[in-house]
Amino acid sequence: MIINSSRKWVPLSPSFFKRPTLQVAQNLLGTYLLHESKEGRSIGKIVETEAYLADDPACHAFGGPTPRNQPMFGPPGRAYVYFIYGMYHCFNVVTHQQGVGEAVLIRALEPIEGIELMQKRRKKKTAQPFKIHELCNGPAKLVIAMGILKSHNHHPLLKAPLWLAKSTKKIPSQNIGKGSRIGIQKAADLHYRFYLIDNHFVSRKNK
DNA sequence: AAACGGATGGGCT
DNA sequence: GCCCATCCGTTTG
């Protein structure tokens, strides 16, 4: 029997992203992120997200357009990749409506395909002995493991090389955990973090 | 198990 | 000049 390589990956449609950001953040759980690079193909299932809204002080777009947050004001369904803490990048999906400035941060993936490639990309930082659940359990870790680069900023996520594919199963709302976003000071009371309950690959549980 | 601090550099007031 | 949507090794309880 053939394994994952025979599977049909169906891209998300543009309309998926043109909805309220809190809804898209939850509906992205269970979808797949694919990167087809020179090194090979890597695929992860999205298991944790955070929403950033236009009226939300923690959002990069809160103060209006700047050179950095430009992708957030562009068409929904594109990538917003930004540089953080002097050495990492984070990956977001632009949502809702062009001109508004909202996005969803991808915080964790369950590795599905190309695990050796992910390991190689993160090799210097992966703990010994190797633990698969530490490969993509954080926004900067998954960016490294998937080979996402700053040059993917603005990339439409509907087509190769970097794209999103539909979930194979419907995720019941009772399987979605909600809590405060991680690592932010402003608007810390907003419960805009979403994750698959009991999934082994989320970056952190709620307290 | 949790807390802490260093690495490291772009973004924005 | 301070802030920062992080990570990791080390220390502490």
Side-chain angles (χ1 to χ4, degrees), chain A residues 17 21-22 24-26 28-29 33 44 46-74 76 78-96 100-111 118-155 157 164 176-196 200-207:
Chain A
F17 307 97
T21 298
L22 290 172
V24 178
Q26 291 169 81
L28 277 168
L29 297 173
L33 178 62
I46 296 175
V47 299
E48 182 180 350
T49 61
E50 281 178 3
Y52 287 88
L53 274 56
D55 64 352
D56 157 17
C59 178
H60 286 179
F62 179 69
T66 66
R68 177 177 69 159
N69 66 24
Q70 195 190 337
M72 297 185 74
F73 291 93
R78 296 201 179 184
Y80 168 46
V81 181
Y82 69 89
F83 183 66
I84 188 69
Y85 292 119
M87 57 180 101
Y88 299 113
H89 290 86
C90 291
F91 169 72
N92 297 251
V93 178
V94 176
T95 54
H96 190 206
V100 173
E102 302 194 344
V104 174
L105 172 71
I106 308 303
R107 280 201 58 90
L109 301 174
E110 175 180 337
M118 293 181 184
Q119 200 177 346
K120 180 184 148 202
R121 284 170 174 147
R122 290 206 55 227
K123 61 172 182 258
K124 292 187 176 147
K125 298 284 188 174
T126 347
Q128 298 298 330
F130 168 70
K131 290 175 182 153
I132 190 169
H133 67 272
E134 290 180 355
L135 214 39
C136 299
N137 62 338
K141 291 180 184 178
L142 93 249
V143 159
I144 297 167
M146 291 293 291
I148 296 171
L149 305 168
K150 178 73 176 182
S151 57
H152 292 112
N153 203 22
H154 292 285
H155 178 81
L157 298 167
L164 289 156
I176 300 178
K178 302 172 174 66
S180 301
R181 295 171 293 184
I182 292 173
I184 59 161
Q185 314 303 316
K186 300 167 191 163
D189 54 315
L190 297 175
H191 288 186
Y192 286 176
R193 185 170 79 103
F194 306 99
Y195 57 93
L196 294 179
H200 190 52
F201 298 86
V202 302
S203 72
R204 279 162 69 171
K205 308 287 182 187
N206 284 338
K207 38 182 176 226

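Quick note: numbers below take in every heavy atom, side chains included, and nothing from hydrogens, waters or symmetry partners. Chain A is the first sequence line, chain B the second, and so forth, proteins listed ahead of strands; every chain is numbered from 1.
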Item to complete: Would you classify A/Ala58 as touching base, sugar-phosphate or nothing, given that sugar-phosphate means primed atoms plus P, OP1 and OP2, and contacts are heavy atoms under 4.0 Å?
Response: base
Discussion item. So does A/Ala54 get a backbone contact from the side chain of A/Glu102, meaning a donor-acceptor N/O pair under 3.5 Å?
Written reply: yes
Worksheet item: How long is the line joining CZ of A/Phe62 and C1' of B/dG11, in whole Å?
Response: 17 Å
Worksheet item: Paired with C/dT12 by Watson-Crick or G-U wobble geometry, both distances under 3.5 Å: which nucleotide is it?
Response: B/dA1
Item to complete: Whole angstrom is fine here: how far is it from CZ in A/Phe194 over to P in C/dA5?
Response: 18 Å
Discussion item. Please classify the nucleic acid contact of A/Lys150 as base, sugar-phosphate, or nothing, using heavy-atom distances under 4.0 Å.
Written reply: nothing
Practice prompt. For A/Ile144 and B/dT8, give me the distance from atom CD1 to atom P, rounded to whole Å.
Written response: 14 Å
Item to complete: Give a yes/no verdict on base stacking between C/dT6 and A/Tyr85: centres under 5.5 Å, planes within less than 30° of parallel.
Response: yes
Worksheet item: When the distance from CG of A/Leu135 to P of C/dC7 is rounded to whole Å, what number comes out?
Response: 13 Å
Fill in: For atom NE2 of A/His60 and atom C1' of B/dT13, their distance in whole Å
16 Å
Fill in: Atom pair OH (A/Tyr52) and CD1 (A/Ile184), whose distance is rounded to the nearest 0.5 Å
4.5 Å
Worksheet item: So which nucleotide does C/dA5 pair with, by the Watson-Crick or G-U wobble rule with both distances under 3.5 Å?
Response: none
Fill in: Whole-Å distance separating the OH atom of A/Tyr82 from the P atom of B/dG9
18 Å
Worksheet item: Within the side chain of A/Arg122, is there an N or O that forms a donor-acceptor pair under 3.5 Å with the backbone of A/Leu135?
Response: yes
Worksheet item: Among the nucleotides B/dT8, C/dC8, C/dA5, which one has an atom lying closest to any side-chain atom of A/Lys141?
Response: C/dC8
Worksheet entry | Euclidean distance, atom CG of residue A/Asn153 to atom C1' of B/dG10 [Å, nearest integer] | 13 Å
Worksheet item: Where each residue is assigned the nucleotide of DNA chain C containing its nearest heavy atom, which of A/Lys186 and A/Asn137 is assigned the position nearer the 5′ end?
Response: A/Lys186
Worksheet, complete the sentence: Considering only heavy side-chain atoms of A/Ile84, the closest of B/dG10, C/dC4, B/dC12 is C/dC4
Worksheet item: Do you know which of A/His191, A/Glu50, A/Arg193 makes side chain to side chain contact (heavy atoms under 4.5 Å, CB included) with A/Ser180?
Response: A/His191
Worksheet item: Where the side chain of A/Met87 is concerned, which of B/dC12, B/dT8, C/dT6 is the nearest nucleotide?
Response: B/dT8
Practice prompt. Under 4.0 Å between any heavy atoms, over every strand shown, what does A/Arg68 touch: base, sugar-phosphate, or nothing? Just pick one.
Written response: sugar-phosphate
Worksheet item: Is there ring stacking between A/Phe83 and B/dG10, where the centres must be under 5.5 angstrom apart and the planes under 30 degrees?
Response: no
Worksheet item: How close or far is atom P of C/dC7 from atom NE2 of A/His89, stated in whole angstroms?
Response: 14 Å
Item to complete: Could you check which of C/dT6, C/dA5, C/dC8 has an atom nearest any side-chain atom of A/Tyr88?
Response: C/dT6
Worksheet item: Can a side chain N or O of A/Arg122 be found less than 4.0 Å away from OP1 or OP2 on C/dC8?
Response: yes
Practice prompt. Can you measure from NZ (A/Lys150) to CZ (A/Phe83) and round to the nearest 0.5 angstrom?
Written response: 9.0 Å
Worksheet item: Taking side chain as C-beta onward, heavy atoms only, is A/Ile132 less than 4.5 Å from A/Phe201?
Response: yes
